[in-house]
Amino acid sequence: MLTLKYISENKDQLIERLKVRNVDYTATINQILDKDASRKGTQVKLDNCRSQAKAIAKEIGQLFKTGKAAEAGEAKQKAAAFKENEKALNEQLTDIEKELNELLFLVPNVPHKDVPKGKSDADNLELRAEGKMPKLHNKALPHWELAKKYDIIDFELGNKITGAGFPVYKGKGAQLQRALINFFLAEANKAGYTEIMPPLLVNEDSGFGTGQLPDKEGQMYQATEDNLYLIPTAEVPLTNIYRNVILSADDFPIKLTAYTPCFRREAGSYGKDVRGLNRLHQFDKIEIVQVQHPSKSADTLDIMVNHVENLIKKLKLPYRLLRLCGGDLSFTSTLTYDFEVFSAAQEKWLEVSSISNFKTFQANRLKLRFKEKGDKKTQLAHTLNGSALALPRILAALLENYQTPEGIKIPEVLQVYTGFDLID
RNA sequence: GGAGAGGUGUCCGAGUGGUUUAAGGAGCACGCUUGGAAAGCGUGUGUACUCCAAAAGGGUACCGGGGGUUUGAAUCCCUUCCUCUCCGCCA
């Protein structure tokens, strides 16, 4: 969430920038500022009240000690009035803070000036499209047919064991998954990211830390008995490593990567978008996360985009790079780039990566701060993350684009990881 | 899962209702000392909110989290989380 300081110091500019998201936040922001003013007023009253009550309490102690019980009794009555006042003020303050917090949760991150105007994904700005479009033979199949033909992914078996959206990878299908994971992790390691194997279930605090809670609660699977959530992305455990942490400026950059399965309820999805591997409840992803100095985060975002682009290039998949428009930009992001690969048989662009700079928006909730050397004051750090990469749609594109009458070829760069070069 | 012991600042550690305004030690920073360093001595040393135009300087909260008792809570009570020891179960 945004800081109160930022909101009050940049009110008009903020309202203007948020219009890129096609929503007018004037009313909410005014409410926030009003609420904050009453918060301050109440807090000052409460602090004064407490301060006086403390002084009396001390006096009473002294009176008792010197045997002046009668005077102490009088003082006690005086203290009782303060106590009641304190209780009332404290309740007020708690309510105000709660309301203020709820209002703050409503305001999304400030779009970067490069974010194009637009309402939906149709308005995203295409920055470039590269890679050769494959020419498929005339009996080419979509990946869900290929999966069946070569018996490498069994969707029906997944239905039986769990339900829709939980495919079973078999034989070379499973091996290819493992090869992709290893390839992506190896590339991340080469780029200087520290590999992490985080927990796949997280607690409520972590959910709040990265912003999945409270608004996206319905998108996460929950282990209610223990009040834990299955992670929708490795971003959650990775970023929460730094929840409530004060770094020093020379700790930057912090670069983490992790392979994890991701679990998403995808409530409300339906139709051809969810066919085959296009949208799943459980899928594998390699995530990259950076914690950076505010002055470096813009460059870091470009570097991360570059990293992901190279992965796709090495797999020789046709792709395009998009800058998300205001209407498609996620709540927590200031600037997001998406990579889409072309899945040739279904003739569809599939989103395989989303790379974002959150600036201080996550850090504020996480209380992820740092100090400049020799500085006493803390500042919020910047966080960024990106998929590098999500597997199922990459797999879908690989199967479709690399199919030949003889079988499905394996991209050269993966062969060292698969140990085979053809699925037949 | 059962029984027990614990959770105090950057770290160690004292502290069972009132000079705790969290002792003491270590670490760290700065200063003195020194040719330089160590030792020694001195000073300082968290986070958040807030008052003040700012600085200086105040106020409030925080002893795992939440709640309660009390004029007053690190200390007593309730609740919850976590750690350790033993037992049980287990890859």
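In this text the structure is predicted, and so the values were computed from the model without any measurement. Values below: all heavy atoms of this structure, side chains included; hydrogens, waters and symmetry mates excluded. Chain A is the first sequence line, chain B the second, and so forth, proteins listed ahead of strands; every chain is numbered from 1.
- In this structure, C84(B) and G4(B) make a Watson-Crick or G-U wobble pair, each of the two defining distances being under 3.5 angstrom.
- Contact check of residues 36-45 of chain A against RNA chain B (heavy atom, cut-off under 4.0 Å) returns Arg39(A), Lys40(A), Gln43(A), Val44(A).
- Comparing U34(B) with A22(B), their P atoms sit 37 Å apart, to the nearest whole Å.
- Qualifying salt bridge (charged side-chain N to carboxylate O under 4.0 Å, His left out) partners for Lys285(A), counting only residues two or more places apart in sequence or in other chains: Glu287(A).
- Contact detail for Cys325(A) and Val115(A): the closest heavy-atom pair is C-CG1, 3.8 Å.
- Pair assignment for A61(B): U47(B), on the basis of Watson-Crick or G-U wobble contacts that are both within less than 3.5 Å.
- Among the protein residues, Lys371(A) comes within range of the sugar-phosphate backbone only, with heavy atoms under 4.0 Å from sugar or phosphate atoms but none that close to a base.
- For residues 33-43 of chain A, the set of pairs meeting the side chain to side chain donor-acceptor pair (under 3.5 Å) definition, not counting sequence neighbours, comprises Lys35(A)-Glu99(A), Asp36(A)-Arg39(A).
- Note: NZ (Lys87(A)) to C1' (U70(B)) measures 13 Å, nearest angstrom.
- Across all strands shown, nothing is found opposite A53(B) as a Watson-Crick or G-U wobble partner with both distances under 3.5 Å.
- Taking atom P on both G15(B) and A23(B), the two are 14 Å apart, rounded to the nearest angstrom.
- The environment of Glu84(A) atom CD is sparse: at most 12 non-hydrogen atoms of other residues, nucleotides or ligands sit within 6.0 angstrom.
- Remark: A91(B) base-pairs with no nucleotide in the shown strands. Criterion, Watson-Crick or G-U wobble with two distances under 3.5 Å.
- Closest heavy-atom contact between Thr210(A) and Leu366(A): N-CD2, 4.4 Å.
- In this entry the distance linking CD1 of Ile60(A) with P of A73(B) reads 12 Å, nearest Å.
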Self-check item: Summary of protein contacts for nucleotides 74-81 of chain B, nucleotide by nucleotide, where a base hit scores B, a sugar-phosphate-only hit scores S (4.0 Å, heavy atoms)
Solution: --------
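- No hydrogens or angles considered: nothing links the side chains of Gln292(A) and His382(A) as a donor-acceptor pair under 3.5 Å.
- Comparing A48(B), U60(B), G72(B) against the side chain of Asp47(A) picks out U60(B) as the nearest.
- Rounding to whole angstrom units, NZ of residue Lys54(A) and P of U70(B) are separated by 20 Å.
- Across the C1' atoms, G42(B) and G58(B) are found 27 Å apart, a figure rounded to whole Å.
- Across the strands present, C30(B) finds its partner in G42(B); the criterion is a Watson-Crick or G-U wobble pair with both atom distances under 3.5 angstrom.
- At whole-Å resolution of the value, CG in Leu100(A) and C1' in C49(B) are 12 Å apart.
- Where Arg50(A) and Lys376(A) each meet RNA chain B at their nearest nucleotide, the meeting point lying more 5' is that of Lys376(A).
- Taking the C1' atoms as reference points, A73(B) lies 36 Å from C87(B), given to the whole Å.
- Pairing partner, U19(B): none, since no Watson-Crick or wobble contact has both distances short of 3.5 Å.
- For the pair Lys172(A) and Tyr150(A), the cation-pi criterion (under 6.0 Å, within 45° of the ring axis) is not fulfilled.
- Lys113(A) is linked by a salt bridge (charged side-chain N to carboxylate O under 4.0 Å, His left out) to nothing, counting only residues two or more places apart in sequence or in another chain.
- Atoms CD (Glu84(A)) and P (U71(B)) sit 12 Å apart, rounded to a whole Å.
- Not one N or O on the side chain of Ser343(A) forms a donor-acceptor pair closer than 3.5 Å with the backbone of Gln346(A).
- Between Leu46(A) and Lys58(A), the residue anchored closer to the 5' end of RNA chain B is Lys58(A), taking for each the nucleotide with the nearest heavy atom.
- Atom NZ of Lys5(A) is separated from atom C1' of C49(B) by 14 Å (rounded to the nearest Å).
- A donor-acceptor pair under 3.5 Å is absent between the side-chain atoms of Gln290(A) and the main chain of Leu256(A), judged by distance alone.
- Between the C1' atom of U70(B) and the CD atom of Gln77(A) lies a distance of 16 Å, rounded to the nearest Å.
- Nucleotides C63(B) and U10(B) place their C1' atoms 15 Å apart, quoted to the nearest Å.
- Taking the ring centre of Tyr193(A) as origin, the terminal cationic atom of Lys255(A) falls inside the region bounded by 6.0 Å and 45° from the ring axis.
- Using a 4.0 Å cutoff on non-hydrogen atoms, the parts of residues 236-248 of chain A near RNA chain B are Ile246(A), ordered by number.
- In this structure, Thr378(A) does not reach the G46(B) phosphate: none of its side-chain N or O atoms is under 4.0 Å from OP1 or OP2.
- When all heavy atoms of Thr334(A) and Leu329(A) are compared, the pair lying nearest together is O-CD2, 3.9 Å.
- Among the protein residues, Ala57(A) comes within range of the nucleic acid bases, having at least one heavy atom under 4.0 Å from a base atom.
- The phosphate of U60(B) has OP1 or OP2 within less than 4.0 Å of a side-chain N or O from Ser51(A).
- Distance check on atom P: U47(B) versus A37(B) gives 30 Å, rounded to whole Å.
- Annotation: G35(B) and U21(B) have their C1' atoms spaced 44 Å apart (nearest Å).
- Counting all heavy atoms, side chain and backbone alike, Phe252(A) lies closest to Ala381(A) at CZ-CB, 3.9 Å.
- Pairing partner, G35(B): none, since no Watson-Crick or wobble contact has both distances short of 3.5 Å.
- The closest donor-acceptor contact from the side chain of Ser8(A) to the backbone of Leu4(A) lies under 3.5 Å.
- For Gln52(A) and G59(B), the CD to P distance is 13 Å, given to the nearest whole Å.
- Comparing the C1' positions of G88(B) and C49(B) gives an interatomic distance of 49 Å, to the nearest angstrom.
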